[in-house]
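Worksheet: one structure, shown below.
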Protein chains: 2
Amino acid sequence: MTSTEILGYCAAFLTTSSFLPQAFLTLKTKDTHSLSLSMYSLFTMGILFWLIYGIQIQDYAIIIANSITFLLASMILGFKIYNVIYKQG
Amino acid sequence: MTSTEILGYCAAFLTTSSFLPQAFLTLKTKDTHSLSLSMYSLFTMGILFWLIYGIQIQDYAIIIANSITFLLASMILGFKIYNVIYKQG
């Protein structure tokens, strides 16, 4: 594995795992007041596109990283939508 | 351009542009209470790694997308750190 490939895997690990603490914070506090609904809508759709892209080019790193991020981002988006509908924020 | 390449560009456009509404919301409200400090720290570092990766493999799509995301994520992280230090949240 070259140093460039290692850098790519580190980058993928960091950007994917970064959504874990946000998901935990949202689960714990149920507070989504300062989260942008537009951001999570666009982002979750974008991650779904990355996932389909990964499946099409059969790149397992892209498939695995984006499957995890898609689950976490969908959960955060779900809380945000629930709060917007039932709690005005 | 193949349909797979178009899908990749759409995915990159969506995940990059998704940080714009979050940056605007944070700029407008200055509220970062439900944003995770760990998420934005890991994410911003990950995006920096993606940027260096893009420079190393000379991929302009990766360079441009991650330069923009890095600026937006850094700004949001800056607000969060400021609020944690000066406003306890």
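Throughout, protein chains are lettered first and strands after them, A, B, ... in sequence-line order, and every chain is numbered starting at 1.
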Practice item. Rounded to the nearest 0.5 Å, what's the gap from CE on A:Met39 to CD1 on B:Ile76? Could you check? Key: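 A:Met39 CE to B:Ile76 CD1: 7.0 Å, rounded to 0.5 Å.
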### Query
To the nearest 0.5 Å, what is the distance between CZ (A:Phe13) and CG (B:Leu42)?
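So the gap between those two atoms works out to 8.5 Å.
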Look at the side-chain heavy atoms of Ile, Leu, Val, Met, Phe, Trp and Tyr, link any pair under 4.5 Å apart, and say whether [X] and [Y] land in one connected group.
{"X": "A:Ile62", "Y": "A:Ile64", "answer": "yes"}
{"X": "B:Phe24", "Y": "B:Phe43", "answer": "yes"}
{"X": "A:Phe70", "Y": "A:Ile57", "answer": "yes"}
{"X": "B:Leu7", "Y": "B:Met1", "answer": "no"}
{"X": "B:Ile81", "Y": "B:Leu35", "answer": "yes"}

Donor and acceptor N/O pairs, chain A versus chain B, under 3.5 angstrom:
unit_1  : atom_1 : unit_2  : atom_2 : d
A:Thr4  : OG1    : B:Gln56 : OE1    : 2.8
A:Thr15 : OG1    : B:Trp50 : NE1    : 3.2
A:Gln22 : OE1    : B:Ser36 : N      : 2.9
A:Gln22 : NE2    : B:Ser34 : O      : 3.0
A:His33 : N      : B:Ser34 : OG     : 3.3
A:Ser34 : N      : B:Ser34 : OG     : 2.7
A:Ser34 : O      : B:Gln22 : NE2    : 3.0
A:Ser34 : OG     : B:His33 : N      : 3.3
A:Ser34 : OG     : B:Ser34 : N      : 2.7
A:Ser34 : OG     : B:Ser34 : OG     : 2.7
A:Ser36 : N      : B:Gln22 : OE1    : 2.9
A:Trp50 : NE1    : B:Thr15 : OG1    : 3.2
A:Gln56 : OE1    : B:Thr4  : OG1    : 2.8

Closest-packed option against chain B by number of heavy-atom pairs under 4.5 Å, given A:Cys10, A:Ala73, A:Ala23, A:Ala11 |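 Of the options given, most contacts go to A:Ala11.
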B:Leu25: which other cluster members, linking ILVMFWY side chains closer than 4.5 Å, directly or transitively?
->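 So far as hydrophobic clustering goes, B:Leu25 is joined with none.
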- Atom group of B:Leu48 that falls short of 4.5 Å from chain A, counting heavy atoms: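 The answer is neither part of B:Leu48.
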